[in-house]
Amino acid sequence: MSLTLLTFLPLAGALAIVALPGHKTALLRAIALGTTLVTAVVGVLIYAAFDGTQVGAQMGETASWFVLPGGTEVHYRLGLDGLSVLMVGLTSVLMPVVLLSTWGHVSERVKEFLVWMLVMETGMLGVFLALDLVLFYVFWEVSLIPLYFLVGIWGGERRLYATVKFFLFTLFGSLVMMIGVIALLWQFDTSDVVVLSDRAAELTTGQQIWYFLAFALAFSIKVPLIPFHTWLADAHTEAPTSGSVVLAGVLLKMGTYGLLRFGIAMFPSAAIELAPLFMALGAIGIVYGALLSMAQTDLKRLVACSSVSHLGYVVLGMFSLTSAGLAGGVLQMVNHGLSTGLLFLLVGMVYERRHTRALDQFGGIAAVMPIYAVFLMITVLSSAGLPGLNGFVGEYLILLGAFERSPLWAVIGVSGVILGAVYLLMATRRVLWGPIVHEANRKLSDVNLREVVLMVPMIALVAWIGVAPNTFLHKGQASLDAVLQKIEGARPRVVLVEPAGTNEKVASEGVGRPGTGSPDAVPGSPLGGSVISGPAAPETGR
Amino acid sequence: MEHHSWLWWIPFLPLVGSAVCGVLHYLTIRARRASPDAPGYAGLAGMVGVLSVGLSLVLAIRAFLLLRGLPVEERVLESTPWDWIGVGDLRIVLTIVLDPLSSTMTLVVTGVGFLIHAYSTGYMKGDKGYAKFFAFMNLFVFAMLMLVASSNLLGLFIGWEGVGLCSYLLIGFWYEKGWPAEAGQKAFVMNRIGDACFLVGSFLLVRLFGTLDLSEIGTLVPGLLGGSGEHDLELAVTALLLFGGCCGKSAQIPLFTWLPDAMAGPTPVSALIHAATMVTAGVYLVARLNPLFAASPTVLAVIATVGAVTALVGASTALVQRDIKKVLAYSTVSQLGYMFLGLGSGAFGAAIFHLVTHAFFKGLLFLGAGSVIHGMHEEQDLHKMGGLRKHMPRTYVTFVAGAAALSGLPLMSGYFSKDEILAHAFSAGGYYYLLWAVGIGGAMLTAYYTWRMVALTFFGPERFDHHHVHPHESPFSMTGPLAVLALLSVGGGLLGLAPVLGHLAHLPHLMGDWLAPVVEPGERVLAMRHGPHGEVSHSLEWILLGVGAAVALVFAYRGFVAYRDGIGADERLAERRPVLAGFLSEAWRVDASYQSFVVLPLGALARVTSAVVDQLVVDGIVNGSATVARAIGQRTRRFADGDLRSYALWIGAGAVAISFMWIWS
């Protein structure tokens, strides 16, 4: 099974649809769904074949592509490692669900819609698989463009405002990232991500920070990290259901994935320096997003705001730079894709029946839609982190890792556990429970077979990850350990020489306490003594 | 230590039962869509529900017998392990472990659970969610068994949150009414506040011990106590945070206000979840980690204080409630307070003993109340009952047995278990004398409100409308479990006779001996930290027993006499002391102050965050920068107006500027 096949299968499907007449919607839909199903099978096979105990990229594919004016060779280079394997699996499994969900809400310009969806899948898979910086950038842009159209054409009433806002935000981020890409190419004469990851670590901390920020801006906008989050609620609210599912399920994860591969793993010294900032933004985001959700009266906007909160967890965990935090962060990307994806599907289902998403228009739905109630309840519990379901494992590892580094931000993050229960159960109560006060709700039909079929695989994964998370955690373990080793190697180490000169003590900073690694802090230590740079990292200056 | 893979079936049987009942509920819904009066598969669901818990009980008894056959120091049964989470050095392994404490808890959960399930087949008859009810109840038993039999704190947490979920679902069982759903949500959120503390406590445990295995933590605690005491603060904070979780789950101050609201659920739910089992989870956790809690005198004092104050607040509130289930709910809050008073006095075994007897008599009282409510056509107001002993004699007799145990009348189960706790508090001395006095005060109130409730329900004039209400005795499916629980409530004291009486009757303290290997590590830590525990002399023990008996008898009598002839005493109180009556009936206004100091401000904060901070400030900056960008674009457009002369001008100006800078440097 080749990664190229996986990546370009959806594009092939898109081309086939382009070639067919637009009025045969049933056929087009069948082709699109079939394409994503085949892609999903290929994706699952590749996922299963991936060996989680190995470090480094597997199933790599390389071909020369073009040569830049300076002589730098750019390659077409794909590969799968522990940082990307879960995201590739999630993307390929999620897309058939997304396609199947469009039966319910896309009836105009079906052909274009399907084409954009498939193009987007190729873009997303490419983002996760590309191991060449230029190729990555190309896929990054390819995956973004379809969403402009999905929101702009098939979106809700304020779709133009949402599209323009989304476009400007991401364009701004992309441009800054492009500067970073060009600068890296110019400095190292290669676009190979693996080589760059090794050599970029040799840069001084100061240089690393500049690069890190250039990349992190685009990713932070994508995640979205506060204060760059305001495009998200608008984009989600206006997007069609399937667009929201892809956006929450995969596109946002491109941000966290980028922070991991092109931030933490590539510029470790910068990551150490900036970790306190990102942990703070993550933890504040958890609470801030939860407060936003509590105030919403539109069900879809509520779910959209909850994404800000949930991705705050991911960032908090990853930037704790601990094994638990990193593993939890990577797992939580999948968890959020599943639970929030399901929430958007469920919101879409009541919207298709009631044509409103205002919370006060519902109530007592459980009595008329009992199966729907079961699915919504399980999803809400998954999202609220009930042990035994997926969300808990990720959240727990994240908070545990964060606590190891910074009890303060971890405790602030833990408060999200309470606030999450508040807004999720409040929404559940207002939709499902209570008496039926609106006559229109009395004759709603329960979920149909198609809707059940598209939710069942996701619910199964929710339970599977909750009961046997090790199956998934082990896939990324070796790669994440390698990242962690790199980080620990880059931590500023100082040797304290006692005035007597007899005892030597190596102190590794930042272990078990939230401080940033800065040698300046040492003279204040009780040991006193002179400070010289240790052997582990000769360059710790800025 | 012995390994038995079948131990997993103790929790799994109810889980399977839950799944089957869920499917049966779905089939019933489908059958009713075709014809609204179709019986569906309700009867089958009841059978499955009762049977799954019954089989689980059989396995629990088998495990108990196996355990008893082992030498005292080897009394541990283990199931096969399940590698749940493994990251870095952290390994979370789930195992079902039965030691004397867990075995006791599984017997209570499955035993009382079985009786309550059997009772429910009668109580819930005709409810349209009959099969769903058993699905939730079985799921609850599964979660509760995970809670009490897990080897690992996170495994325990699966059960901990699982029982919370079932509580949420069952409180809101009649969700169409609206307020039960709100009560369920309140219960879940308040429990989550405790759970957040629990989580932080578990992080600290990982930091301190590198493991979440409960028995390992227990053995590692003494190692941290020696030396200069550098870990004392961390240990104390950890214990307090875990206790915060217990406050939520076991309805202690300040997180107790959800429990009275939880009475919105069906009465068997109140009996099983909100009296006999789930709410005692906090007591179990402290007893389970007794070395950790024993490590800090301050923590123990905090726990004992919270327990004593909760006991008093709960009992005083129960005095004036008119809803029979509210009386029992506040009584439960109060009795749980006694258990924590016991734990805080270092009497871990006594607290568990009271947990067991309380499961018998409070389960019985709730089921009895359910039988009354059933017979009275859903009437719960004590002021609209009266004289029911003639109409429902079996319910009456069993209810009186439960009331005798709750009020601690001599030789009843509650008498021995509560007095053991109070004796330990007394013997701890110092500050604990005060807590003992508070406990005695609570005991007075307990006896009073219990017999007030009995008198208002079963004695005096019949205050209901005879045209609409025809009280009747409940079917055998309901009175049968009542009889069994009544026997246990009366005779449960035999499990733990007071030493002086046990000496007379040649009976050992069965419960104490059985639990000894589990509580011993904590007692050893206590001895290390506090010196040898004060021994209670025989004469002092007789005096304490006598005080307990006298208090119970006197106040039970006064409560009964005051209300034997009707509701006059309540009316007089409301008339003469309206402020006091209002204050008590609203549970010292704690809930109201949460409403105004927490709930409303939090809602306001959320709205301000959304409307002001997010939309005006953050988004304002975004939209503002877009506007500025457009303005700049419009200005700078003039530079690119296509006029060759102006380009030349700008190029010239630029060249001049650059040459100036060059010369300057």
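We name chains A, B, ... by the order of the sequence lines, and we start the count at 1 in each one.
At distances below 3.5 Å, not a single donor-acceptor pair connects side-chain atoms of B/T95 with backbone N or O atoms of B/P81.
When each of B/F188, B/Y175, B/F140 is checked for a ring pair (Phe, Tyr, Trp, His ring centres under 6.0 Å) with B/Y168, only B/F188 meets the rule.
Comparing A/V422, A/L168, A/V467 by heavy-atom pairs within less than 4.5 Å of chain B, the highest count is held by A/V467. Annotation: maximal heavy-atom pairing with chain B below 4.5 Å, among A/A290, A/A366, A/G364, occurs at A/A366. For the set A/V411, A/L480, A/L397, A/V164, the count of heavy-atom pairs under 4.5 angstrom toward chain B peaks at A/L397. When each of B/G86, B/G22, B/G184 is checked for heavy-atom pairs under 4.5 Å with chain A, B/G86 comes out on top. No other option in A/G434, A/A295, A/A410 has as many heavy-atom pairs under 4.5 Å with chain B as A/G434. Of all the listed residues (B/A181, B/G129, B/A611, B/C197), the one sharing the greatest number of non-hydrogen pairs under 4.5 Å with chain A is B/A181. With chain B as the partner, the residue from A/G420, A/A367, A/S415 showing the most heavy-atom pairs under 4.5 Å is A/A367. The choice from B/L169, B/D195, B/L165, B/V608 that makes the most heavy-atom pairs within less than 4.5 Å of chain A is B/L165.
Heavy atoms of A/L473 lying under 4.5 Å from chain B belong exclusively to its side chain. Of the atoms belonging to B/R33, it is side-chain heavy atoms, and not backbone ones, that fall under 4.5 Å from chain A. The contact between B/I85 and chain A is made by backbone and side chain atoms together, counting heavy-atom distances below 4.5 Å. Only the side chain of A/M377 comes within contact range of chain B, with heavy atoms under 4.5 Å apart. Neither the backbone nor the side chain of A/T322 has a heavy atom closer than 4.5 Å to any heavy atom of chain B. Looking at B/I193, the atoms closer than 4.5 Å to chain A (heavy atoms on both sides) sit in the backbone and in the side chain alike. Heavy atoms of B/I158 lying under 4.5 Å from chain A belong to its backbone as well as its side chain. Contacts between A/L419 and chain B at a heavy-atom distance below 4.5 Å involve the side chain alone, from C-beta outward. No part of A/L326 comes within reach of chain B, as not one of its non-hydrogen atoms sits under 4.5 angstrom from that chain. Contact annotation for B/N623: only side-chain heavy atoms (C-beta onward) come within less than 4.5 Å of a heavy atom of chain A. Using a 4.5 Å cut-off between heavy atoms, A/A327 contacts chain B through its side chain alone, with no backbone atom that close. Using a 4.5 Å cut-off between heavy atoms, B/L94 makes no contact with chain A at all. Heavy atoms of A/R430 lying under 4.5 Å from chain B are absent altogether. Contacts of B/Q615 with chain A are made by side-chain atoms alone, with heavy-atom separations under 4.5 Å and no backbone atom involved. Neither the backbone nor the side chain of B/W160 comes within contact range of chain A, judged by heavy atoms closer than 4.5 Å. Contact annotation for A/Y161: only side-chain heavy atoms (C-beta onward) come within less than 4.5 Å of a heavy atom of chain B. Contacts of A/P469 with chain B are made by both backbone and side-chain atoms, with heavy-atom separations under 4.5 Å. Contacts between B/V613 and chain A at a heavy-atom distance below 4.5 Å involve backbone atoms as well as side-chain atoms.
Separating the CG atom in B/L154 from the CZ atom in B/F157 is a distance of 8.0 Å, to the nearest 0.5 Å. The OG atom of A/S323 sits 12.5 Å away from the CD1 atom of A/I487 when rounded to the nearest 0.5 Å. Rounding to the nearest 0.5 Å gives a distance of 5.5 Å between CD of B/Q185 and CG of A/L425. A distance of 5.0 Å separates CG in B/L208 from OG1 in B/T238, rounded to the nearest 0.5 Å. Taking CD1 of A/I365 as the start and NE2 of A/H438 as the end, the distance is 9.0 Å to the nearest 0.5 Å. Atom CZ of A/R405 and atom CG of A/L400 lie 12.0 Å apart (nearest 0.5 Å).
Taking the six-membered ring for Trp and thresholds of 30 and 60 degrees, A/F169 and A/W231 have ring planes inclined between 30 and 60 degrees apart. A/Y288 and A/H229 have perpendicular rings, their planes meeting at more than 60° on a 0 to 90° scale where under 30° would count as parallel. In this pair, B/F173 and B/F133 present their aromatic rings perpendicular. The plane angle is above 60°, beyond the 30 to 60° band.
The interface of residues 381-394 of chain A with chain B, defined by heavy-atom distances below 4.5 Å, comprises A/L381, A/A384, A/G385, A/L386, A/P387, A/G388, A/F392, A/V393.
For residues 609-622 of chain B, the pairs satisfying salt bridge (charged side-chain N to carboxylate O under 4.0 Å, His left out) are A/K165-B/D619, with sequence neighbours left out.
Of the N and O atoms on the side chains of B/W84 and A/N470, not one donor lies less than 3.5 Å from an acceptor on the other residue. A donor atom on one side chain and an acceptor atom on the other are found under 3.5 Å apart for A/Y396 and B/S202.
Other residues, nucleotides and ligands contribute more than 12 heavy atoms inside 6.0 Å of the CZ atom of B/R32.
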* **Stepwise salt bridge (Lys or Arg N to Asp or Glu O under 4.0 Å) check, B/E176 with B/K128** => CA-CA 12 Å; B/E176 299 95 331; B/K128 64 180 166 56; 2.6 Å; yes
* To do: Evaluate the criterion salt bridge (Lys or Arg N to Asp or Glu O under 4.0 Å) for residue pair B/R207 and A/E404; output intermediate values, then yes/no.
  => CA-CA 7 Å; B/R207 169 181 285 201; A/E404 209 176 302; over 6 Å; no
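Closest non-hydrogen pair, B/R192 versus B/E161, comes out as NH2-OE1, 2.7 Å.
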